[in-house]
2 protein chains.
Amino acid sequence: MKAPENIEIAGEPIPLSLRLQRGELLAADCPSRSVLKHVTSQWGVLVLLVLLEGTKRFSEIRKKVNGVSEKMLAQTLQSLESDGFLIRKSFPVVPPHVEYSLTPLGMEVATHVSTLADWIESNLTRIIDARNHIQSK
Amino acid sequence: MKAPENIEIAGEPIPLSLRLQRGELLAADCPSRSVLKHVTSQWGVLVLLVLLEGTKRFSEIRKKVNGVSEKMLAQTLQSLESDGFLIRKSFPVVPPHVEYSLTPLGMEVATHVSTLADWIESNLTRIIDARNHIQSK
DNA sequence: TGTGCGTACTTACTTTTAGTAAGTTTATCA
DNA sequence: TGATAAACTTACTAAAAGTAAGTACGCACA
């Protein structure tokens with residue numbers, strides 16, 4: 001993260017608590033890097049998309065996100081939870097019943113992720129056309 | 001990709017060539033998956049951000065994207081080029097001089113990537129706060 | 001009393017990917 | 001003659017992802 005500079009407006013210093021500390025993704029040691037990794041990880045993106053539809057059980061997410069293994073899904077859910085993007089609600093029953101849903105913070109990222117995902121889905125043919133065009137050179 | 005269904009409007013079938021085939025990221029074998037991988041790869045995201053600023057040389061990109069190795073940068077640039085997101089212009093000089101710039105297609109994705117990246121940078125403190133809150137439970 | 005079932009994981013192991021460091025190329029300049 | 005610079009490439013190691021099997025446990029059924 002950027003070290004907060006001593007900004008002031010009209011001679012009045014802005015209190016630290018009110019100043020927003022912006023992350024810098026281009027800085028190798030900025031904590032935003034790990035957030036980006038979690039959010040844009042292969043399965044992270046897809047899990048966020050699915051959870052935008054609403055609360056889902058572990059097994060439901062697994063069914064929707066075609067190809068994810070139980071191990072990777074569990075891992076992905078844990079990292080997204082640890083970043084505060086989703087909450088895990090476990091019911092004390094057997095067999096286990098666990099529900100995942102986006103937090104307000106999670107909905108915000110997921111919305112941006114969804115926009116990007118939509119663009120890719122919508123423009124797939126353009127991309128494939130471009131691919132073929134480049135290949136044939 | 002979704003198999004094109006036989007859609008028609010007002011009794012008139014839409015020719016295959018005109019119908020847009022949407023990708024489906026949730027389908028394991030959809031080609032959109034590899035595009036997503038390239039675009040949201042750790043270094044792919046950051047390269048796209050840097051190239052939004054304009055044409056850049058290999059070494060300039062490497063300097064801006066803190067932490068990327070030459071190997072990974074070369075690999076990332078190649079995959080983004082193969083998807084038609086950027087063009088590589090090599091000048092026949094020694095030492096080598098190579099310039100990379102976004103294609104119109106690349107600018108579109110990069111814009112969406114940038115929106116997501118901006119959100120993460122802007123909300124880092126919220127995320128870190130959420131992280132700490134979760135940890136302390 | 002025991003056997004199987006369902007769900008959400010976890011663990012051990014293999015394969016793939018990423019990271020690191022050193023090498024390659026070649027015109028130009030000291 | 002030899003060092004230099006820029007953009008890669010290659011060989012090797014470390015880390016991450018994929019695969020498959022195991023674990024926990026309360027309930028239903030035999």
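None of these values were measured; they are calculated from a predicted model. Here is the naming used below: chain letters follow the sequence lines, and residue numbers restart at 1 for every chain.
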Checklist entry - Do A:Phe85 and A:Ile87 sit in the same hydrophobic cluster, where Ile, Leu, Val, Met, Phe, Trp and Tyr count as joined when their side-chain heavy atoms come under 4.5 Å apart? => result no
Checklist entry - Does a side-chain N or O from A:Trp43 land closer than 4.0 Å to OP1 or OP2 of D:dG18, or not? => result yes
Next on the checklist: Can you measure B:Tyr100 atom OH to D:dA6 atom P for me and round it to whole angstrom units?
Outcome noted: 15 Å
Next on the checklist: Distance check needed: C:dG19 P versus B:Leu73 CG, whole Å only.
Outcome noted: 12 Å
Next on the checklist: Assess whether a salt bridge exists between A:Lys64 and A:Glu53, defined as any Lys/Arg side-chain N lying under 4.0 Å from an Asp/Glu carboxylate O.
Outcome noted: yes
Next on the checklist: Using heavy-atom distances to pick each residue's nearest nucleotide on DNA chain D, tell me which of B:Leu77 and B:Val94 is more 5'.
Outcome noted: B:Val94
Checklist entry - Hey, does B:Phe91 reach any base, or is it just sugar-phosphate, or nothing, if we go heavy atoms under 4.0 Å? => result nothing
Checklist entry - B:Arg33 CZ to D:dG18 P: how many Å, rounded? => result 10 Å
Checklist entry - Within this structure, what is the CD-to-C1' distance between A:Glu60 and C:dG6, rounded to whole angstrom? => result 15 Å
Checklist entry - Of A:Lys37 and B:Val98, whose nearest nucleotide on DNA chain D comes first from the 5' end? => result B:Val98
Item to check | salt bridge (charged side-chain N to carboxylate O under 4.0 Å, His left out) between A:Arg22 and B:Glu121, intermediate numbers included | outcome: CA-CA 5 Å; A:Arg22 218 175 187 265; B:Glu121 289 184 333; 2.6 Å; yes
Next on the checklist: What's A:Ser59 touching, base or sugar-phosphate or nothing? Going by heavy atoms closer than 4.0 Å.
Outcome noted: sugar-phosphate
Checklist outcome for this item: B:Phe58 CZ to D:dA7 P, in whole Å, measures 7 Å
Checklist entry - With a non-hydrogen cut-off below 4.0 angstrom, is A:Arg57 in contact with a base, only sugar-phosphate, or nothing? => result sugar-phosphate
Checklist entry - How are the rings of B:Phe58 and B:Tyr100 set to each other: parallel, tilted or perpendicular (split at 30° and 60°)? => result tilted
Item to check | Phosphate OP1/OP2 of D:dA15: any B:Gln42 side-chain N/O under 4.0 Å | outcome: no
Checklist entry - NE2 of A:His38 versus P of D:dA16: gap in Å, rounded? => result 10 Å
Item to check | Sequence neighbours excluded - side-chain hydrogen bond (donor to acceptor under 3.5 Å, both in side chains) pairs with any residue from residues 101-110 of chain B | outcome: A:Trp119-B:Glu108, A:Arg126-B:Glu108
Checklist entry - Does A:Gln78 place a side-chain N or O at less than 4.0 Å from the phosphate oxygens OP1/OP2 of C:dT10? => result yes
Item to check | Nearest listed nucleotide, side chain of B:Gln75, among C:dA18, C:dT10, C:dT7 | outcome: C:dA18
Next on the checklist: Can you tell me which nucleotide in D:dT9, C:dG6, C:dT10 comes closest to the side chain of B:Ala74?
Outcome noted: D:dT9
Checklist entry - When all nucleic acid strands are considered with a 4.0 Å heavy-atom cut-off, which category describes B:Glu99: base, sugar-phosphate, or nothing? => result nothing
Checklist outcome for this item: Whichever of B:Met72 and B:Val93 has the more 5' nearest nucleotide on DNA chain C, that residue is B:Met72
Item to check | Rounded interatomic separation in angstrom, taking CZ from A:Arg62 and C1' from D:dG18 | outcome: 12 Å
Checklist entry - Among C:dA12, C:dA8, C:dT20, which nucleotide sits nearest the side chain of A:Lys71? => result C:dA12
